[in-house]
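Here the structure is laid out as structure tokens; the discussion comes afterwards.
We count ligands from 1, going down the list as the structure has it; atoms in each ligand are counted the same way.
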Amino acid sequence: MAAESETKKVVSQFELTDHDVNAATLEFLRQMDEGLRKDGTSMSQIPTYVTAVPDGSEKGVYLAVDLGGTNFRVCSVQLNGDSTFNLTYNKVAIPKELMVAKTARELFSFLAMQIEVFLKEHHKDYYAAQIKKRRSGTTRSSEYLRLGFTFSFPVNQLGINKGKLIRWTKGFDIPDAVGKDVCALLQTEIDKLGLPVKVAALVNDTVGTLMARSYTSVGKAKSILGGIFGTGTNGAYIEKLSNIKKPTVGEYDKSTGDMVVNTEWGSFDNQLNVLPTTKWDKILDDASVNPGIQMFEKRVSGMFLGEIVRLATLDLIKNEKVTLFVDANSSFNDLQSITTISRESGLFKQWGLDSSVLSVAAADDTPELSSLRLELETSLQIDSASLVDAQIFKAVAAAVGRRAARLSAVAIGAIVLQSGKLNDPDTDVVDIGVDGSLVEHYPFFRAMIYEALKAIDGIGPKGAERIRIGIAKDGSGVGAALIALVAEKMEKDNSNVEDVEARVDDLVWNTNNHNTFIVAGVVGVIAIAALWWARQRS
Ligand code: BGC
């Protein structure tokens, strides 16, 4: 059948063989090493100055904000000092026009306003008291709430609360902000509103994920990598200080011999030495706000997969041999009705196909593909798609999803090899924490990653069995691990908490505890903010 063979032609272009996976893994290791030696490489390998995980004895109330994709989240966390904590949050969608605003001020003043809204809503007594003190000129900055800033874009980190934006990703494009310290940009807008808040720590979401996962890792397995496979993709891993050959500028504690490095693997192989490239990858890249950049991310992450499927599907629609979604005669359609696509369908608009449709396609294994056909109708306004139509769509979507998973295995596999943990007789399990819509919601994404890991030289089926990839979003797990960390820290060091305690006592906790939950990245950044604060005071 022509439709079948034409579909196969498309599908085969997304194939990544075991040989390709191995070649890409070697290149990934090479580019990792290059990034550890010098600046300006395609994988940035950014030193984070985080050399240990927080120990949980920190006490106080911290704010955290999270900017990294479609939403902005403001949270406050009460660390109780016994590793229990309560977390409350507000979430707002970032207006599209602010993602491409003319000035950084427009975006950051919006963020500061959300912090104000949050304080008024959840900490109204504290907020009012602070504003009063401020007016009477009696505010002390030690009373300010400390804020951890999860900023999930490539930043050249210059210290725990200082970092200059290298470039925007994930559809953001505000050239005015590039090269500027994002903490200072936020602090300026916070100060303009007179909020009693100090930006204390700057953290990438992958670092937060690694922190949170290392709390929850069962047994003696220590997490080596925090990875995000969501709107964007990236990973942060524990590297030996001796391997970081390029100059580092910030102050840090060298005693652990390790440092967390933010790889910014979304830009792995921007030069396309090994990355597979179809005509649809090229079209997507050319039409993006950052052509030639984030080439790995553009093949792996949720923001882009739907668009690749859309472009490939459009070609099949145009292909007369296939007659996709256009049967002119209802007798060809098992639904006995004629297929129609609305002109308004997302299929005809850039970014019009949400990657979540891929998850529905992958999950539907019914003989009639009924949920996928319903999804095509509701999400893409394709009425009465025939079974063959849905099969074609499913095949293309699966090929794009599978390539993404196998490429994800390249990044994970390379970092496992770099860690040397598989050859370490003391390591049974190599633990990896992951988060993001793909690993959470795309059916079999992790299974496909494991399948490719088995094919990597130096890992193989035995090695893959020892790699544990777990979601780093388990709130209660994180809380439990924090208890252990806090308890240990409290035995060792009971100092430096007075100011923070004073702040906690001052603060009326206006939150509703039923509304509490934990988010990996957020917990990570809160913990780092707390750690930083304790060190500053010592
Ligand atoms: C950013 C990373 C981030 C990742 C996941 C990428 O686009 O460059 O900094 O960690 O998305 O959110």
Side-chain angles (χ1 to χ4, degrees), residues 31-32 35 41-48 50 64-73 91 94 99-100 148-157 163-174 177-178 182-183 201-213 225-237 260-270 284-285 288-305 307 351 355 404 407-408 411-412 415 432-442 445 471-473 519-522 524-525 528:
Q31 292 189 23
M32 276 176 80
T41 54
S42 79
M43 256 167 81
S44 301
Q45 296 281 71
I46 302 167
T48 62
V50 175
V65 294
D66 181 359
L67 178 73
T70 37
N71 295 310
F72 178 64
R73 202 163 32 199
K91 187 163 97 173
I94 302 169
M99 295 180 173
V100 291
F149 187 9
T150 300
F151 184 75
S152 304
F153 299 93
V155 160
N156 190 5
Q157 190 120 15
K164 293 188 176 166
L165 177 63
I166 300 173
R167 62 177 175 274
W168 289 107
T169 59
K170 296 175 281 198
F172 281 69
D173 186 23
I174 311 167
V178 175
V182 292
C183 287
L202 175 64
V203 181
N204 187 269
D205 52 354
T206 55
V207 180
T209 301
L210 174 59
M211 296 289 124
R213 178 69 187 179
L225 165 65
I228 301 281
F229 299 92
T231 308
T233 185
N234 186 19
Y237 74 105
V260 175
V261 170
N262 169 12
T263 65
E264 285 298 333
W265 73 37
S267 262
F268 162 59
D269 202 26
N270 281 345
L284 179 150
D285 184 43
S288 70
V289 290
N290 53 357
I293 312 283
Q294 299 291 102
M295 299 306 253
F296 184 72
E297 180 164 270
K298 284 173 181 160
R299 286 150 178 77
V300 169
S301 78
M303 170 151 184
F304 304 99
L305 298 187
E307 181 65 2
W351 311 121
S355 295
L407 284 171
S408 304
I412 292 174
I415 287 173
I432 288 164
V434 290
D435 193 8
S437 47
L438 282 172
V439 281
E440 264 196 288
H441 305 304
Y442 191 96
F445 200 79
I471 298 283
K473 215 170 196 155
V519 179
V522 167
V525 77
I528 292 167

### Message
Using 0.5 Å steps for rounding, measure from the OG atom of Ser288 to the CE atom of Met303.
### Response
8.5 Å

### Task
Please confirm whether Pro154 comes under 4.0 Å of ligand 1, counting heavy atoms of the residue only.
yes

### Query
By number and element, which atoms of ligand 1 are closer than 4.0 Å to a non-hydrogen atom of Gln294?
7 (O), 8 (O)

### Sub-4.0 Å atoms of ligand 1 with respect to non-hydrogen atoms of Lys170
3 (C), 4 (C), 5 (C), 6 (C), 7 (O), 11 (O), 12 (O)

### Task
Indicate yes or no for a side-chain donor-acceptor contact from Gln157 to the backbone of Gly163 under 3.5 Å, with no hydrogens or angles considered.
no

### Task
Among all protein heavy atoms, pick the one closest to atom 9 (O) of ligand 1 and tell me residue, atom and distance.
Glu264 OE2, 2.6 Å

### Message
Is it the case that the side chain of Lys298 and the backbone of Gly266 share a donor-acceptor pair, with hydrogens and angles ignored and the cut-off at 3.5 Å?
### Response
no

#### Entry: Spacing of CD1 belonging to Ile228 relative to CD belonging to Glu297, to within rounding of 0.5 Å
11.0 Å

### Message
Taking a cutoff of less than 4.0 Å between a non-hydrogen atom of the residue and any ligand atom, is Arg167 in contact with ligand 1?
### Response
no

## Note on the structure
OH of Tyr237 to CE of Met32, rounded to nearest 0.5 Å, is 3.5 Å

### Query
Is any N or O atom of Asn262, backbone or side chain, closer than 3.5 Å to an N or O atom of ligand 1?
no

### Query
Among protein heavy atoms, which lies nearest atom 1 (C) of ligand 1, and at what distance?
Ser152 O, 3.4 Å

#### Entry: Minimum-distance protein heavy atom relative to atom 6 (C) of ligand 1
Glu297 OE1, 3.0 Å

#### Entry: Short N or O distance, Thr206 and ligand 1, threshold 3.5 Å exclusive
no

### Residue Thr169 vicinity, atoms of ligand 1 by number, heavy atom under 4.0 Å
1 (C), 6 (C), 7 (O), 8 (O)

### Check: Gly302 main-chain N/O paired with Thr231 side-chain donor or acceptor under 3.5 Å
no

### Summary
Of all protein heavy atoms, the one nearest atom 5 (C) of ligand 1 is Asp205 OD2, 3.3 Å

### Query
For the side chain of Asn262 and the backbone of Ala236, is there at least one donor-acceptor N/O pair under 3.5 Å apart?
no

### Query
So, the side chain of Ser42 versus the backbone of Phe268: is there a donor-acceptor pair under 3.5 Å, distance only?
no

